[in-house]
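By convention in this document, chain letters (A, B, ...) are assigned in the order of the sequence lines, proteins followed by strands, and residues within each chain are numbered from 1.
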There are 2 protein chains.
Amino acid sequence: MSHTLGIRQAQKQKTRQALMDSALQLLEHQSLSSLGLREVTRAVGVAPAAFYRHFKDTADLGVALVEQALGSLHDTIRAAIVTTGSSDERIDRAVALIAAHVRTHPAHVRFIARERHGGVAPVREAIGVQLRRFADEVAEALGADPQSTGWSREDLRMLAGVYVDHMVMTASALLEGEEAPVLATARAQLRLVTLGRRHWLD
Amino acid sequence: MSHTLGIRQAQKQKTRQALMDSALQLLEHQSLSSLGLREVTRAVGVAPAAFYRHFKDTADLGVALVEQALGSLHDTIRAAIVTTGSSDERIDRAVALIAAHVRTHPAHVRFIARERHGGVAPVREAIGVQLRRFADEVAEALGADPQSTGWSREDLRMLAGVYVDHMVMTASALLEGEEAPVLATARAQLRLVTLGRRHWLD
DNA sequence: TGTACATCAGTGAACGCGCGTTCACTGATGTAC
DNA sequence: TGTACATCAGTGAACGCGCGTTCACTGATGTAC
């Protein structure tokens, strides 16, 4: 039989998740550094003091949001770096996956784009750590691709950085602009990088 | 004889600039959306009410900061897009100019990186408008380069977008990491783009 | 299964504090003659 | 140049308000026997 949370634990998790969900919603129109603890508890419908049963302060809640937001993005990235198919097929697949991710998790994407360089240090650092991990993972996948024979670790990491940064930029552009032109530009930019990659060792 | 401001006007400008300078300093450790009007006037040493003689609110001050910050960046960009010399020379020159800009205007760079996707809509939009203008300008310069013969307007704009985004990312990376490795990565990424550019029409 | 006690998520009231905004004011600067 | 009046950047006091944090509490859930 699988492990079941007690009623008390389950209820606590539910409230915690409600705080995170409400915070994410409130962050659509403001930054974490101006998000109030009372705002969040008011949106959930609990007493302000209840907040402290779950988080030390709003920065702490922000770090929890980073883990949630980048956890879901992590799955998308793993799906995007599959190396089967032609370059164009891989580009189309990666771009389609990003578009789908933004459609299903717009608030997560906005949060990451906003707080990546935001005013709350622990959150900024948590995002930085995770994005660097993503880049490491992408670099490793690139290294396994026969197309990367002869590439140094350093150059693979450099290329992975381009892909991760481009993904974040594209995701955040999708929140603001029309989908079709943003995706067309993203595909062209990836084709440009693919061409550069192909001639890197010339 | 050149036009001279009256004493009153000159003093007013001075206070206005002091408000902007103090705000920029305070924004090193927080976002605009949590910057208080009283914080700023306290730092300058004027009464809170004096703020209203210059700005409607802190968002209004933020828009003024965008113009100042991107005005100085504009000069750097114009210097960076000069098309003389080999590809490597142009890359070295552009990267050196960015590094110098970040060294001389770190607070401006931080402000732009932070508020580009920040929680204050008018500021975000002002930054977006200016960065799009920069990209247009870069696209125009690229179009004048013989290397771009046969490129469509759309592809030139796409490439210009890569350069502008890369510049902003590099500038913001310079604020956080060691200069030398960040610049080395930036140069490698620009070489990658240059290679892609050279084979775009193959 | 039932009982007696322990745990602890969430409550509700209270606190001191700094916030943004308003207002009538002051006194240096500007202007008209 | 001097005088009389107008302008207006900056003042200082006042306001109502929502904030983060604390605390003793309640009552449902968990645990030991």
Side-chain angles (χ1 to χ4, degrees), chain A residues 1-27 29-65 118-123, chain B residues 1-27 29-65 118-123:
Chain A
M1 181 186 164
S2 81
H3 174 249
T4 309
L5 249 46
I7 292 176
R8 193 138 75 182
Q9 283 296 314
Q11 185 51 250
K12 187 176 184 185
Q13 287 280 14
K14 214 172 131 187
T15 303
R16 183 184 152 97
Q17 192 56 51
L19 288 167
M20 290 173 70
D21 291 346
S22 288
L24 204 55
Q25 215 170 298
L26 290 164
L27 287 170
H29 300 294
Q30 63 185 314
S31 316
L32 185 62
S33 77
S34 66
L35 181 70
L37 166 170
R38 279 174 179 269
E39 258 184 289
V40 178
T41 55
R42 199 184 302 125
V44 172
V46 294
F51 187 90
Y52 295 104
R53 297 286 177 205
H54 303 276
F55 304 104
K56 197 167 74 45
D57 49 32
T58 52
D60 191 26
L61 182 151
V63 171
L65 281 176
V120 182
V123 168
Chain B
M1 179 187 165
S2 81
H3 174 250
T4 308
L5 249 47
I7 292 176
R8 192 137 77 182
Q9 283 295 314
Q11 185 52 248
K12 186 176 184 184
Q13 287 280 13
K14 215 172 132 188
T15 303
R16 183 186 152 96
Q17 194 55 52
L19 289 167
M20 290 174 68
D21 291 346
S22 287
L24 203 56
Q25 214 170 297
L26 290 164
L27 287 170
H29 300 294
Q30 62 185 314
S31 315
L32 185 63
S33 78
S34 65
L35 181 69
L37 166 168
R38 279 175 178 268
E39 257 183 291
V40 179
T41 56
R42 200 183 303 125
V44 172
V46 295
F51 187 90
Y52 296 104
R53 297 285 179 206
H54 303 276
F55 304 104
K56 200 166 72 44
D57 49 33
T58 52
D60 191 26
L61 182 152
V63 171
L65 282 176
V120 182
V123 169

If you take all heavy atoms of [X] and [Y], which pair is closest and at what distance?
{"X": "Leu5(B)", "Y": "Gln9(B)", "value": "CG-CB, 3.7 Å"}
{"X": "Gly118(A)", "Y": "Ser31(B)", "value": "C-OG, 4.3 Å"}
{"X": "Gly62(A)", "Y": "Leu32(A)", "value": "CA-CD2, 3.9 Å"}

Once you round to the nearest 0.5 Å, how far does [atom1] of [X] lie from [atom2] of [Y]?
{"X": "Leu26(B)", "Y": "Asp21(B)", "atom1": "CG", "atom2": "CG", "value": "11.0 Å"}
{"X": "Leu24(A)", "Y": "Leu19(A)", "atom1": "CG", "atom2": "CG", "value": "12.5 Å"}
{"X": "Leu35(A)", "Y": "Leu27(A)", "atom1": "CG", "atom2": "CG", "value": "5.0 Å"}

Contacting residues from residues 9-19 of chain A, given that a heavy atom lies under 4.0 angstrom of DNA chain D: none
Below 4.0 angstrom, which residues in residues 49-64 of chain A have at least one non-hydrogen atom near DNA chain D? Ala49(A), Tyr52(A)
So do the side chains of Lys12(B) and Arg16(B) get within less than 4.5 Å of each other, counting heavy atoms only? no
Given side chains that start at C-beta, do those of Gln11(B) and Arg8(B) come closer than 4.5 Å, heavy atoms only? no
Grab the stems for DNA chain D, please: at least three consecutive Watson-Crick or wobble pairs, both distances below 3.5 Å, written as range with range. C:2-33 with D:2-33
If you find the nucleotide of DNA chain D closest to Arg8(B) and the one closest to Glu39(A), which residue's nucleotide is nearer the 5' end? Arg8(B)
For Gln25(B), which residues count as a side chain to side chain contact (heavy atoms under 4.5 Å, CB included) partner, sequence neighbours excluded? none
Distance-only criterion, 3.5 Å: show the donor-acceptor pairs between side-chain atoms of residues 42-58 of chain A and protein atoms not counting sequence neighbours.
| from | atom 1 | to | atom 2 | distance (Å) |
| --- | --- | --- | --- | --- |
| Asp57(A) | OD1 | Ala59(A) | N | 3.2 |
| Asp57(A) | OD1 | Asp60(A) | N | 2.9 |

Span of DNA chain D in contact with chain B (heavy atoms, under 4.0 Å): dT7(D) to dA14(D)
Given 3.5 Å as the limit, does a donor-acceptor pair link the side chain of Ser22(A) with the main chain of Val40(A), or not? no
